[in-house]
Participant: 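Before I ask anything, let me first share the structure, which is written out below as structure tokens.
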Amino acid sequence: MMGGVDDELPVEIFLDGYPPVMREIANELRRIVKGAVPDGVEALRPGWSWIRYALPERRRVRTFAWIGVERKHVHLGFENGVLLPDPECLLQGRRESLKQFRYFTFVDAVDVDEAVLTDYLHAAADLALLPPAARRGMLGDAGQPIAD
């Protein structure tokens, strides 16, 4: 395990500890993420109960999304979600005043159109590959996206 990421524990074993419906949702989201961003690298953040998705870049990896599994719901979250275009306000996290993340929550099934999730995943992957200074430049003085 390196930097809180566990490359040795299979995701399926990790998911075995959750109710069947949560495993089904998580596996459906995994399929969608892998289909949308095939170059993404899946790894566990077991301390956070997250499945992390990152893009390799030189000697680093840049996280763009995560699946957070809990007993009553599953989140599909975005590392730089505050910067994602969200014209229909589908993403959660604004009300909690999260400074970086935005996410979807699924309780019974993946109830957001796969094409919509794919668009968010593409945008999140593109953001992850921007230099940190470019991402900071997208924020206003108050630390909020300029477009907000």
Participant: Indicate if L127 and L129 have the same hydrophobic cluster label, given that clusters are the connected sets of ILVMFWY residues with side-chain heavy-atom separations under 4.5 angstrom.
Facilitator: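 Hydrophobic grouping puts L127 with L129.
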Participant: Take L130 and L83, measure what side chain to side chain contact (heavy atoms under 4.5 Å, CB included) needs, and give me the verdict at the end.
Facilitator: CA-CA 12 Å; L130 288 176; L83 298 175; over 6 Å; no
Participant: Under a 4.5 Å cut-off applied to non-hydrogen side-chain atoms, are F104 and L91 in contact?
Facilitator: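 Yes, their side chains come closer than 4.5 Å.
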Participant: At their closest point, which heavy atom of S49 faces which heavy atom of Y18, and how far apart are they?
Facilitator: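 Taking every non-hydrogen atom into account, OG-OH, 3.2 Å.
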Participant: Of all residues at least two apart in sequence or in a different chain, which pass the side-chain hydrogen bond (donor to acceptor under 3.5 Å, both in side chains) check with T105?
Facilitator: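 Only H75, Q92 meet the side-chain hydrogen bond (donor to acceptor under 3.5 Å, both in side chains) criterion with T105.
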Participant: Under 4.5 Å between any side-chain heavy atoms of I51 and F14, yes or no?
Facilitator: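 Heavy-atom side-chain distance check passes, below 4.5 Å.
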Participant: Please list, chain by chain and in numerical order, all residues satisfying side-chain contact (heavy atoms from CB on, under 4.5 Å) with D39, sequence neighbours excluded.
Facilitator: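 Checked D39 against side-chain contact (heavy atoms from CB on, under 4.5 Å); matches are L55.
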Participant: What pair of heavy atoms forms the shortest contact from G35 to P38, and how long is it?
Facilitator: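 G35 and P38 have their closest heavy atoms at O-CD, 3.9 Å.
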Participant: Do any pairs count as a salt bridge (Lys or Arg N to Asp or Glu O under 4.0 Å) and have a residue in residues 122-133, sequence neighbours left out, and if so which ones?
Facilitator: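 Residue pairs with at least one partner in residues 122-133: there are none.
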Participant: Measuring only between side-chain heavy atoms, which start at C-beta, is Y120 closer than 4.5 Å to L90?
Facilitator: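 Result yes, sub-4.5 Å side-chain heavy-atom pair found.
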Participant: Could you check I25, V21, V107 and say which one makes a side-chain contact (heavy atoms from CB on, under 4.5 Å) with H73?
Facilitator: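 Single side-chain contact (heavy atoms from CB on, under 4.5 Å) partner of H73 among I25, V21, V107: V107.
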Participant: Minimum heavy-atom separation for L44 and P10, please, with both atom names.
Facilitator: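 Reported closest heavy-atom pair: CD1-O, 4.3 Å.
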Participant: So, using side-chain contact (heavy atoms from CB on, under 4.5 Å) as the criterion, who are the partners of D113 when residues are at least two apart?
Facilitator: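 Residues passing side-chain contact (heavy atoms from CB on, under 4.5 Å) with D113: A115, V116.
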Participant: Could you report the tightest heavy-atom contact between F64 and A128, atom names first, then the distance?
Facilitator: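 Nearest pair, atom of F64 first, then A128: CB-CB, 3.7 Å.
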Participant: Where do L84 and A124 come nearest, in terms of heavy atoms and distance?
Facilitator: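 Minimum heavy-atom contact is CD2-N, 3.5 Å.
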Participant: I'd like to know whether M22 forms a side chain to side chain contact (heavy atoms under 4.5 Å, CB included) with E70, so could you lay out the CA-CA distance, the side-chain angles of the two residues, the decisive distance to 0.1 Å, and finally the verdict.
Facilitator: CA-CA 7 Å; M22 298 305 120; E70 298 184 27; over 6 Å; no
Participant: For R30, give me all partners under salt bridge (Lys or Arg N to Asp or Glu O under 4.0 Å), at least two apart in sequence or on another chain.
Facilitator: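 Partners of R30 under the salt bridge (Lys or Arg N to Asp or Glu O under 4.0 Å) test: E12, E42.
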Participant: Taking side chain as C-beta onward, heavy atoms only, is V110 less than 4.5 Å from L76?
Facilitator: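 Result no, sub-4.5 Å side-chain heavy-atom pair not found.
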Participant: With a 6.0 Å cut-off on ring centres, are W50 and F101 close enough?
Facilitator: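 Yes.
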Participant: Can you tell me if Q100 uses its side chain to pair, donor with acceptor, with the backbone of V82 under 3.5 Å?
Facilitator: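 Flag not set: sc Q100 to bb V82 has no pair under 3.5 Å.
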Participant: A26 and L15: which non-hydrogen atoms are nearest, and at how many Å?
Facilitator: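 The pair with the smallest heavy-atom distance is CB-CD2, 3.8 Å.
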Participant: What pairs meet the ring pair (Phe, Tyr, Trp, His ring centres under 6.0 Å) rule with one or both residues in residues 77-100, with sequence neighbours excluded?
Facilitator: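 Counting only pairs at least two positions apart or across chains, no ring pair (Phe, Tyr, Trp, His ring centres under 6.0 Å) contact touches residues 77-100.
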Participant: To the nearest 0.5 Å, how far apart are CD in E28 and CD in E114?
Facilitator: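 So the CD of E28 and the CD of E114 are separated by 6.5 Å.
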